**Student:** 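Structure incoming, see below.
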Protein chains: 2
Amino acid sequence: MKQKIPKPGSAVRGSTTGRPIMALLDLVGRRWVLRILWELRGAPLTFRGLQEACGGISPSVLNQRLSDLREAALLDLVDDGYTPTPLGRELLAQFTPLTIWAEKWAKAVR
Amino acid sequence: MKQKIPKPGSAVRGSTTGRPIMALLDLVGRRWVLRILWELRGAPLTFRGLQEACGGISPSVLNQRLSDLREAALLDLVDDGYTPTPLGRELLAQFTPLTIWAEKWAKAVR
DNA sequence: GTTGATCGCTACGAAAACCGTAGCATTGGA
DNA sequence: TCCAATGCTACGGTTTTCGTAGCGATCAAC
């Protein structure tokens with residue numbers, strides 16, 4: 001477990017400038033990160049609820065990601081499960097319109 | 001090299017539904033995918049130009065990603081280097097505002 | 001016509017990331 | 001006390017990524 005999670009202001013994989021966008025690109029370039037956020041766009045989910053929602057992600061990676069996302073201030077664990085912080089919800093909002101682009105993409109590559 | 005690149009309409013890692021958004025989440029969840037697109041947002045770049053721009057990405061992975069992105073109809077290799085397709089440029093446009101969010105994020109986690 | 005510089009790209013062994021399965025400790029209700 | 005559900009950890013095996021070296025092609029200069 002040698003991973004150091006990307007945060008703005010410090011060097012990340014592939015960039016030493018500390019530019020926030022580079023930290024973001026590194027963060028979302030990890031498997032499951034966006035998917036986890038995505039599955040939490042509606043109601044909060046428990047650890048095991050997330051496992052199912054993500055199609056059987058292994059608990060070790062899920063736990064790693066949840067720690068990462070909490071440390072990055074994008075997720076919180078509250079009474080009824082994991083849920084995005086306001087900041088995380090803002091990021092999520094930026095990704096929501098991608099469903100529409102993805103549909104278009106689907107038509108193009110078909 | 002057992003990777004099968006995610007495309008809308010077929011099963012991807014973590015989802016068997018074929019929903020386009022799932023293919024997208026799988027695609028961008030691979031290392032370097034977004035970064036490569038990002039570095040091509042301005043002028044086209046050659047293979048080696050991309051290598052440098054991405055801070056020394058190994059050529060094997062770069063080549064893998066370039067093939068993936070070309071097969072996904074997001075990238076093209078033209079005379080003066082790799083450049084996004086119109087579709088890829090559209091996707092890129094959705095990610096551009098993330099710089100602003102990332103700045104906000106930087107302030108929040110600091 | 002050979003040398004040198006660049007191009008896109010490949011081979012391959014090592015390291016890192018990820019996975020699947022099993023199970024632990026805790027909590028709360030029956 | 002027993003049962004179910006919670007968050008999470010351990011650990012060995014597989015997949016993905018990395019780092020270095022180098023190949024074949026192209027083109028310009030000498």
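We name chains A, B, ... by the order of the sequence lines, and we start the count at 1 in each one. Computed from a prediction, not measured in an experiment: that's the story for all the values here.
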**Student:** For B/Asp76 and C/dG8, give me the distance from atom CG to atom C1', rounded to whole Å.
**Tutor:** 16 Å
**Student:** Measure CD/A/Gln51 against P/D/dT9 and give the value in whole Å, please.
**Tutor:** 13 Å
**Student:** Using OP1 and OP2 only, check whether a side-chain N or O of A/Trp32 sits under 4.0 Å from C/dA17.
**Tutor:** no
**Student:** Test for a donor-acceptor pair under 3.5 Å between the base of D/dG7 and the side chain of A/Thr46, counting only N and O atoms.
**Tutor:** no
**Student:** Do any side-chain nitrogens or oxygens of B/Arg31 fall under 4.0 Å of OP1 or OP2 in C/dC18?
**Tutor:** no
**Student:** How many whole angstroms separate atom CG of A/Asp80 from atom P of D/dT6?
**Tutor:** 13 Å
**Student:** Write down the distance between CG (B/Leu62) and P (D/dG19), rounded to a whole number of angstrom.
**Tutor:** 13 Å
**Student:** Does a salt bridge link A/Arg35 with A/Glu39, judged by any charged N lying under 4.0 Å from a carboxylate O?
**Tutor:** yes
**Student:** According to ring pair (Phe, Tyr, Trp, His ring centres under 6.0 Å), who are the partners of A/Tyr82, at least two apart in sequence or on a separate chain?
**Tutor:** none
**Student:** Should A/Arg65 be listed as having a side-chain N or O under 4.0 Å from OP1 or OP2 of C/dC18?
**Tutor:** yes
**Student:** Given atom CG of A/Leu45 and atom C1' of D/dG7, what is their separation to the nearest angstrom?
**Tutor:** 14 Å
**Student:** Let me know the distance between CG of A/Asn63 and P of C/dC19, rounded to the nearest Å.
**Tutor:** 13 Å
**Student:** Hey, which of these two, A/Arg13 or A/Leu77, hits DNA chain D nearer its 5' end, going by closest nucleotide?
**Tutor:** A/Leu77
**Student:** Starting at CD1 of B/Ile57 and ending at P of D/dT20, how long is that distance when rounded to a whole Å?
**Tutor:** 15 Å
**Student:** Just by distance, with hydrogens left out, do B/Thr83 and B/Arg89 show a side-chain donor and acceptor under 3.5 Å apart?
**Tutor:** yes
**Student:** Specify the separation, in whole Å, of atom CZ of B/Arg48 and atom C1' of D/dA21.
**Tutor:** 12 Å
